[in-house]
Amino acid sequence: MKNLSIKQRVTLYYAAVFLLITGLVIGGFYAAFGYQTNQVSQLSLERAVKNAFDFIETPGDWLEISPDFDFYVDDVTLLVYGPEGTLMLGHEPQSFPQNTALRSDEHQSIDTTLDQWQVYDLYTEYPNGLGVWVRGIHSLSSSAATLRRALITMLLAMPLLILFALLLGYRVTRRAFTPIEKIQQTARAIERDRDLSRRINLPSERIDELSLLGSTFDDLFDQLETAFNREKQFTSDVSHELRTPISVIISQAEFGLDHPDDPALREQSLQAILQQSRQMSQLVTHLLELSRAARGADLMHPEPINLAELCEMVAEELAEKAAEHDIRIIQKLDPDIVLTLDQTQMVRALINLMQNGIEHGHAGGFIMLDLQRRLNAVHLIVSDDGHGIPVEHLPHIFDRFYQVDTARTARQNGNSGLGLTMVRQIIENHGGTIEVQSTEGVGSTFTIILPDQPSDEPV
Ligand code: ADP
C-alpha cells in the first residue's frame, strides 16, 4: 500500500467504499425482503386459519364441517384437530414434523433439513362444549428460494461491480490528477533543461484548487525567471563596469613601462591608474552598500527616529559640499514626526538624494528638504532647481548602473549609477515608496512616502 501512487490509492479507496455501500445495500435488501416475506406469510396464514372457522358449525352437540372447506388456501395447508390434538381432517405436508405441538394463536417457525415452515394454530370452543383446533402450515421454501436466487445473482454480479468501481474510480482520479501531472512534468522539464521560461498553463476554463495551484506555480516561475535574469544582467553589468577601468589601468601601466626615461609621462600614467583605481574602489563600495541594502530586513536595526532631526543631521553633513557648489539647503521640517527606522540606511538614502541634488544643481541654486504628514503617510521631499532629468530617462533612473549623463562624465565624478537603486531598495525595506518628478532646466523632486506608524511599532 505504501508504494502505491496516490491515484492507485484513491482508486482503491473509492472501490472499497463503493463495495461497502453495495454490500450494505444488498444486506439491507436481503434482511428487509426476508422480514417482509415472513410478515406476509404470517398474515396470510393467520387469515386462512381464521377464515377456516367460517366453515365449521355446531348445529347440535356435534361438529359439522362444510363441504366447501378448502384444505389448501393461498399456499396454506389447513388441518383440523380434535381437542386432544388428534388429526381429524386434512393431510400434513410431506416432511412436516408430525409431533409439532399445537399452540393456540401463536406463530411457530419450524426448520427441518428439507424445508422451512411457518405454522399458526387456533383453538376454539363452541357453546355446546365441543372444541376444535385449526392448524395452518405454510412452506417458506418458495420465497426462501427466491431470496436465495436473488442473493446468488447479486453475488455473481459482485466481480463485475468491483471491476466497474475500479474502472470508474481510476477514470475519475486520472482526470482529477491530470493538472498535478502537468505541474510535475513542467517542474521536471525546468530542472532538466534549466529552462525557467516554461509554464504549466492549465486550461483557464477549469477553476478549482489544482488550477489555482498551477497558476500559483506559474506566478512563482515568473518571479524566479525575473530574479534569475536580473542576477544574470547584474553580473554582466558589473563585469562591464569593471572592464573599462581595468583596461585603462593595464594600458596606462604598459605605457608607463614603455617610457622608463620620461618621468613626466610615467607620472601621467600613474595618475591615470590612481584615478581608475579610486573609481573601481568607489564602485566596489557602492556594490557592497547596494548588496547590504538588498539584504534589507536581515541587517536592519530599527529604532524610533525623529525624522526632522535626521534631516538636519544630514543637511549639516553636506553643508560644506553644498557651500562649495554655492547651493543653499532649505529645510521645511515638521519637528514631531517619529518613525521606527534603520538610521544608518535612512541617512545613506538621504545623503544620496542630496548629493545628487548638489551634483546636478547650479551655483546660486538650492536644495529643499520638506518633511510633512499627509493622510496616513509621511512625505519626505528632496527637491532641487538643478538641470533636471530628460523625460525619456525618468522611467530608468532607478535601474542599476543607469546614468543620464554620458558615461565618461559620470564615471569621472566617481558615480556608478547605483545610488538611486540603493535609495529605492532602502525605502522599500521600510515599507515605503519613492517617486520622481523632473523637468529639464527646472529641477527635480524626489518624494519618499513612508507609512505613518506609532513610534513603538516597527515600520
Ligand atoms: P549616480 O551614482 O551616477 O549619480 P544615481 O543612481 O544616483 O547614479 O542616479 C542616476 C542618474 O539620475 C544619474 O546619472 C543622474 O543623471 C540622474 N539624477 C539623479 N538625481 C538627479 C537630480 N537631482 N538632478 C538631475 N539628475 C539626477
Side-chain angles (χ1 to χ4, degrees), residues 230 233-234 237-238 240-242 244-245 275-276 278-294 311 314-315 317-319 321-322 324-331 345-370 379-429 432-449:
R230 210 188 301 132
Q233 184 63 41
F234 183 59
D237 288 348
V238 172
H240 181 78
E241 292 297 317
L242 287 173
T244 318
Q275 194 204 339
Q276 292 299 325
R278 282 202 178 119
Q279 226 172 289
M280 276 172 66
S281 157
Q282 188 92 305
L283 176 66
V284 171
T285 309
H286 286 167
L287 281 171
L288 271 174
E289 283 177 351
L290 182 64
S291 101
R292 237 179 258 143
C311 289
V314 173
E317 201 170 314
L318 290 176
K321 190 172 176 183
E324 278 169 20
H325 287 75
D326 190 16
I327 288 178
R328 260 181 320 135
I329 299 178
I330 306 168
Q331 300 180 60
Q345 286 198 11
M346 278 313 280
V347 166
R348 201 175 291 146
L350 211 52
I351 285 185
N352 250 283
L353 289 177
M354 289 186 65
Q355 262 176 349
N356 277 346
I358 296 173
E359 277 164 24
H360 301 286
H362 62 83
F366 68 87
I367 296 174
M368 178 141 93
L369 278 174
D370 182 354
H379 288 228
L380 174 51
I381 304 158
V382 183
S383 50
D384 62 64
D385 62 347
H387 58 67
I389 304 166
V391 68
E392 69 273 19
H393 292 285
L394 279 177
H396 309 290
I397 56 163
F398 291 101
D399 294 349
R400 281 187 293 212
F401 297 111
Y402 195 87
Q403 291 185 310
V404 174
D405 317 66
T406 60
R408 197 170 47 84
T409 333
R411 298 288 181 267
Q412 274 172 2
N413 288 340
N415 294 337
S416 55
L418 291 172
L420 287 179
T421 316
M422 188 187 65
V423 171
R424 186 174 61 179
Q425 182 67 63
I426 289 173
I427 301 306
E428 284 175 359
N429 289 349
T433 52
I434 179 161
E435 293 166 3
V436 60
Q437 282 170 331
S438 187
T439 310
E440 243 187 307
V442 178
S444 310
T445 304
F446 289 85
T447 309
I448 296 172
I449 303 168

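Both counts, for ligands and for their atoms, begin at 1 and track the order of listing. Heavy-atom basis, side chains included; hydrogens, waters and symmetry copies ignored.
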Polar contacts were defined as any N/O atom of the residue lying under 3.5 Å from an N/O atom of the ligand; does this apply to T421 and ligand 1? no

Counting only heavy atoms not in Q437, do more than 12 fall under 6.0 Å of its CD? no

Contact atoms of ligand 1, heavy-atom distance to S444 under 4.0 Å: 22 (C), 24 (N), 25 (C)

Straight-line distance of R292 CZ to L290 CG, nearest 0.5 Å: 11.0 Å

Contact region, V423 to ligand 1, non-hydrogen atoms below 4.0 Å, reads neither

Any side-chain heavy-atom pair of H360 and D384 under 4.5 Å: no

Report the part of F446 (side chain from C-beta onward, or backbone N, CA, C, O) that has a heavy atom under 4.0 Å from ligand 1; answer both or neither where that applies. side chain

Sub-4.0 Å atoms of ligand 1 with respect to non-hydrogen atoms of S416: 2 (O), 3 (O)

Between N429 and A293, which heavy-atom pair has the shortest distance, and what is it? ND2-O, 2.7 Å

Between the CD atom in Q425 and the CZ atom in R400, the distance rounded to the nearest 0.5 Å is 9.0 Å

Which of the numbered atoms in ligand 1 are below 4.0 angstrom from a heavy atom of Y402? 10 (C), 11 (C)

Are any of the N/O atoms in N356 less than 3.5 Å from those in ligand 1? yes

Taking all heavy atoms of V404 and all of P390, pick out the closest pair and write down the distance. CG1-CD, 3.8 Å

Determine the minimum heavy-atom distance between I367 and G357, stating which atoms define it. CD1-C, 3.8 Å

Give yes or no for whether the N/O distance cutoff of 3.5 Å, strictly under, is met between I389 and ligand 1. no

Would you mind finding which of L420, I367, D399 brings a heavy atom closest to atom 5 (P) of ligand 1? L420

Out of curiosity, is G386 lining ligand 1, as in a heavy atom under 4.0 Å away? no

